[in-house]
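None of these values were measured; they are calculated from a predicted model.
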Protein chains: 2
Amino acid sequence: MTEFISIIQNVSRFITLTREEELLFTSLLRMQKVRKKQFIVQPEYVCQYRTYIATGALRSYFMGNDGQEYTIALAVDDWWISDFTSYIYQEPATLFVEAMENSTLIQISYQNEQMLYEKLPKFERFFRLHSQRGAAAIQKRMLGSISKTAEERYEEMQKKYPQFLQRFPQYVIASYLGMTTQFLSRIRNQKLK
Amino acid sequence: MTEFISIIQNVSRFITLTREEELLFTSLLRMQKVRKKQFIVQPEYVCQYRTYIATGALRSYFMGNDGQEYTIALAVDDWWISDFTSYIYQEPATLFVEAMENSTLIQISYQNEQMLYEKLPKFERFFRLHSQRGAAAIQKRMLGSISKTAEERYEEMQKKYPQFLQRFPQYVIASYLGMTTQFLSRIRNQKLK
DNA sequence: AAATTAGATTAAACTAGTTTAACTTGTTTG
DNA sequence: CAAACAAGTTAAACTAGTTTAATCTAATTT
């Protein structure tokens with residue numbers, strides 16, 4: 001049970017659970033260890049789980065027709081990740097979700113999530129608040145990506161998520177920021193002078 | 001009461017309401033008529049309402065430091081719109097929400113929404129599903145905006161939302177698609193040949 | 001109906017960011 | 001530990017989309 005402490009804390013930001021509710025909730029979860037470079041979601045397969053990262057680092061990305069990777073999300077300890085669209089509609093994924101470090105995941109399946117809503121309706125509230133904030137975050141990211149220059153986007157990341165710059169390789173950062181590795185390299189070295 | 005038929009139908013996509021629940025729900029709503037060019041949300045003021053469009057057309061946009069407008073969302077009859085981030089966090093807005101036609105809106109205030117959750121918890125479910133789909137839609141839009149060329153984005157809009165091209169002026173379409181009016185004009189006229 | 005203003009078009013000059021390519025450094029793996 | 005590969009750097013050539021500016025058209029206002 002202590003293995004699920006972190007996710008219970010995460011959920012408790014929005015709703016309060018009794019001891020029995022915690023037990024029911026965790027009985028519907030599964031622990032999953034993945035190694036660096038493993039994929040937990042791939043295009044054409046339906047995304048089966050909502051994934052919470054107990055420890056580790058993952059990213060989701062889209063592979064363009066031109067073979068270019070577009071990183072959609074970066075996530076580390078205590079964050080959630082998946083191909084959200086595939087999961088909620090239970091339709092084939094369009095994204096890859098890849099472990100960037102050996103990671104410990106806590107997952108709930110689509111089936112179990114539906115059961116959770118039946119047994120503990122307060123989880124409707126949890127995932128409402130979770131999704132609302134998620135939507136706000138994506139919108140903020142989109143706004144930045146269309147209204148800011150490459151350099152401004154890099155500076156914002158430096159300021160807001162300095163850990164990411166250590167934890168993810170440069171080519172992933174570049175693709176998350178919507179620029180080439182070459183251009184990111186140019187920005188970084190210009191800034192040193 | 002018949003004035004609220006459309007929003008009840010919208011809500012009934014996800015949850016089922018009894019006659020009494022419908023009455024309770026609609027008692028927490030307000031009708032609002034707005035004229036073309038009126039703003040229902042402005043930066044620095046906290047967004048007070050979640051807005052459903054009974055009839056009409058609105059857009060939300062961000063004003064960059066350079067004075068450029070970045071259109072975030074377009075919405076017509078039976079769609080929802082607002083500065084979502086400002087609304088959910090009850091913090092000052094960063095967006096404008098402007099009526100592009102004389103419109104009839106149905107709104108719920110933040111206070112009344114909290115009351116709605118107390119009295120009719122099934123609305124947690126409605127707004128969970130609503131937010132999840134909203135998040136998926138924003139993500140899809142972001143993906144297109146970073147991985148497609150200006151011309152591809154225009155073609156996708158032509159195919160997916162042809163009504164928008166009639167209903168919104170070209171400068172709004174251009175700013176929604178993330179390009180200048182001049183460039184959109186070039187694309188449109190190239191395609192005729 | 002004239003005057004004013006807002007939106008759309010066209011074209012030339014420009015630029016932020018990409019592409020291509022060659023080289024360097026670091027990291028797996030046999 | 002050598003070989004092979006993956007990640008990062010630098011620089012020159014290039015291009016998708018912007019900027020500037022002038023003209024045209026269609027609404028709105030007076």
Toward the 5' end of DNA chain D, which comes first, Gln68(B) or Lys36(B), by nearest nucleotide?
Gln68(B)
Do other residues, nucleotides or ligands put more than 12 heavy atoms under 6.0 Å from the CD atom of Gln114(A)?
yes
Counting just side-chain N and O atoms, does [X] come under 4.0 Å of either OP1 or OP2 of [N]?
{"X": "Gln170(B)", "N": "dA6(C)", "result": "no"}
{"X": "Ser185(B)", "N": "dA8(C)", "result": "no"}
{"X": "Thr181(B)", "N": "dA8(C)", "result": "no"}

Atom [atom1] of [X] and atom [atom2] of [N]: how far apart are they, to the nearest Å?
{"X": "Gln190(A)", "N": "dG17(C)", "atom1": "CD", "atom2": "P", "result": "11 Å"}
{"X": "Ile187(A)", "N": "dG8(D)", "atom1": "CD1", "atom2": "P", "result": "15 Å"}
{"X": "Arg186(B)", "N": "dT10(C)", "atom1": "CZ", "atom2": "P", "result": "12 Å"}
{"X": "Arg35(A)", "N": "dT28(C)", "atom1": "CZ", "atom2": "P", "result": "11 Å"}
{"X": "Leu184(A)", "N": "dT19(C)", "atom1": "CG", "atom2": "C1'", "result": "16 Å"}
{"X": "Ile173(A)", "N": "dG8(D)", "atom1": "CD1", "atom2": "C1'", "result": "14 Å"}
{"X": "Phe183(A)", "N": "dA11(D)", "atom1": "CZ", "atom2": "C1'", "result": "14 Å"}
{"X": "Arg188(B)", "N": "dT10(C)", "atom1": "CZ", "atom2": "P", "result": "10 Å"}

Tell me if the centroids of the rings in Phe123(A) and Phe25(A) come within less than 6.0 Å of each other.
yes
Using the benzene-type ring in the case of Trp, are the ring centres of Tyr87(A) and Trp80(A) under 6.0 Å apart?
no
Can you check whether any acceptor in the base of dT20(D) is under 3.5 Å from a donor in the side chain of Gln182(B), or vice versa?
yes
Quick one, Glu101(A) with Arg167(A), criterion salt bridge (charged side-chain N to carboxylate O under 4.0 Å, His left out). Give me CA distance, side-chain angles, the key distance, then yes/no.
CA-CA 9 Å; Glu101(A) 298 175 1; Arg167(A) 224 153 156 188; 2.8 Å; yes
Would you mind classifying the nucleic acid contact of Tyr171(A) as base, sugar-phosphate or nothing, using non-hydrogen atoms under 4.0 angstrom?
sugar-phosphate
Nucleotide nearest Thr149(A) (side chain, heavy atoms from C-beta), chosen from dT18(D), dT9(D), dG17(C):
dG17(C)
Tell me whether the guanidinium CZ or amine NZ of Arg50(A) lies under 6.0 angstrom from the six-membered ring centre of Phe127(A) and within 45° of its axis.
yes
